[in-house]
Amino acid sequence: MATAAQPLHDTVATQVRDLIFAGELEPGELLDEKALCDQLEVSRTPLREALKLLVSEGLLRHEPRRGCFVEKITDRDLDDIFPVIALLEGRAAFEATHKLTAADRAVLDVMHEQLTHCAQSGDIAGYYRMNHQIHEAFITLADNRWLAQTIADLRRILRLARLQQLSAPGRLAGSLQEHLNIYEAMVAGKPDAAEQAMRHHLLQQRKALQRMTTLSLSRIAL
């Protein structure tokens with residue numbers, strides 16, 4: 001049976017979302033609908049439907065008589081979001097621990113070996129990619145679609161901030177050890193410990209970002 005074609009406005013929403021995450025549409029920027037229609041080769045109707053979807057996701061903000069703006073994430077937003085996503089991803093680690101199989105562990109062993117290699121070689125870009133894959137693996141293993149959906153929604157918002165917490169001094173080694181602690185608890189069959197370790201990991205990310213902000217305000221180059 002043929003797969004139903006994706007509605008045009010969904011396709012357009014994906015394209016605009018990609019422009020936002022790529023930084024081609026800057027935080028706080030007022031969207032030029034005509035320019036976007038020309039760029040994406042669509043009419044105003046599917047574009048406006050797409051913008052409504054992105055407003056509902058929190059990526060855009062609509063102001064009457066002005067239009068849609070790319071949302072800006074503030075420090076207060078980060079302070080509010082990180083404790084929530086720490087709770088959610090902690091729960092994912094808890095549920096994943098209960099459902100971990102020998103086959104799952106074999107794959108996760110390899111993933112953590114690659115994560116360790118990236119950290120030891122100072123490959124921050126590679127570490128980010130593997131870190132994301134490991135977090136996604138835990139969510140997959142948790143097998144809770146409501147949990148996965150809520151985490152995905154918050155992650156989309158966090159991507160607006162273009163966070164680079166691994167650049168903070170000592171953060172790469174710290175993040176690696178936190179990941180190893182999470183995985184050690186999972187392998188040991190300790191869901192409560194895995195949950196707490198994951199919460200700690202996410203909250204340490206926020207602390208690293210706060211430290212980077214403080215360092216950036218100094219007149220002295222590090």
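Residue numbers count from 1 along this sequence. All heavy atoms count here, side chains included; hydrogens, waters and symmetry mates do not.
- Residues T97 and K190 have side chains not in contact (no heavy-atom distance under 4.5 Å, counting atoms from C-beta outward).
- For the pair R156 and D153, the salt-bridge criterion is met [side-chain N within less than 4.0 Å of a carboxylate O].
- Residues P46 and S43 share a closest heavy-atom pair of CD-OG, 2.9 Å.
- In summary, the side chains of D192 and Q196 do not present any donor paired with an acceptor at a separation below 3.5 Å, with no hydrogens or angles considered.
- Distance CD1/I85 to CG/L154: 5.0 Å, rounded to 0.5 Å.
- With rounding to the nearest 0.5 Å, the separation of CZ in R145 from OG1 in T150 is 11.0 Å.
- To the nearest 0.5 Å, atom CG of residue L147 and atom CD of residue Q149 are 10.5 Å apart.
- Using a 3.5 Å distance cut-off with no hydrogens or angles, the side chains of H201 and E178 do pair a donor with an acceptor.
- Of all heavy-atom pairs spanning A86 and R199, the tightest one is O-CG, 3.3 Å.
- I81 and L87 are members of different hydrophobic clusters when ILVMFWY side chains are connected at heavy-atom separations under 4.5 Å.
- The local environment of CD in E63 is crowded, with over 12 non-hydrogen atoms from other residues, nucleotides or ligands closer than 6.0 Å.
- No side-chain donor-acceptor contact under 3.5 Å links D18 to the backbone of Q15.
- At a threshold of 4.5 Å between non-hydrogen side-chain atoms, the residues V70 and E26 do not count as touching.
- Without hydrogens or angle criteria, S175 side chain to R171 main chain gives no donor-acceptor distance under 3.5 Å.
- Within the 3.5 Å criterion, the main-chain N or O of D77 finds no donor-acceptor partner in the side chain of D80.
- Heavy atoms of other residues, nucleotides or ligands lying less than 6.0 angstrom from CD of E29 number more than 12.
- Nearest heavy atom pair, residue I139 against residue A148, reads CG2-CB, 3.6 Å.
- No donor-acceptor pair closer than 3.5 Å links the side chain of R61 to the backbone N or O of K72.
- Rounded to the nearest 0.5 angstrom, M198 CE and E89 CD are separated by 5.5 Å.
- Using a 30° and 60° split on the angle between ring planes, H135 and F138 fall in the tilted class, from 30° to 60°.
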Which pairs of donor and acceptor atoms, one on a side chain in residues 109-118, lie under 3.5 Å apart (sequence neighbours left out)?
unit_1 : atom_1 : unit_2 : atom_2 : d
D109   : OD1    : Y183   : OH     : 2.7
H112   : ND1    : L108   : O      : 2.8
T116   : OG1    : H112   : O      : 2.8

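- Y127 places a side-chain N or O within 3.5 Å of a backbone atom of L176 that can act as its donor or acceptor partner.
- With sequence neighbours left out, the side chain to side chain contact (heavy atoms under 4.5 Å, CB included) criterion links S56 to L53.
- In summary, R48 and E33 engage in a salt bridge, as defined by a charged side-chain N under 4.0 Å from a carboxylate O.
- Rounding to the nearest 0.5 Å places CG of L88 at 9.0 Å from CG of L202.
- Residues L158 and L203 do not share a hydrophobic cluster, clusters being chains of Ile/Leu/Val/Met/Phe/Trp/Tyr side chains in contact below 4.5 Å.
- Between the side chain of K99 and the backbone N or O of A142, at least one donor-acceptor pair lies under 3.5 Å.
- Clustering of Ile, Leu, Val, Met, Phe, Trp and Tyr side chains at separations under 4.5 Å places L30 together with F69.
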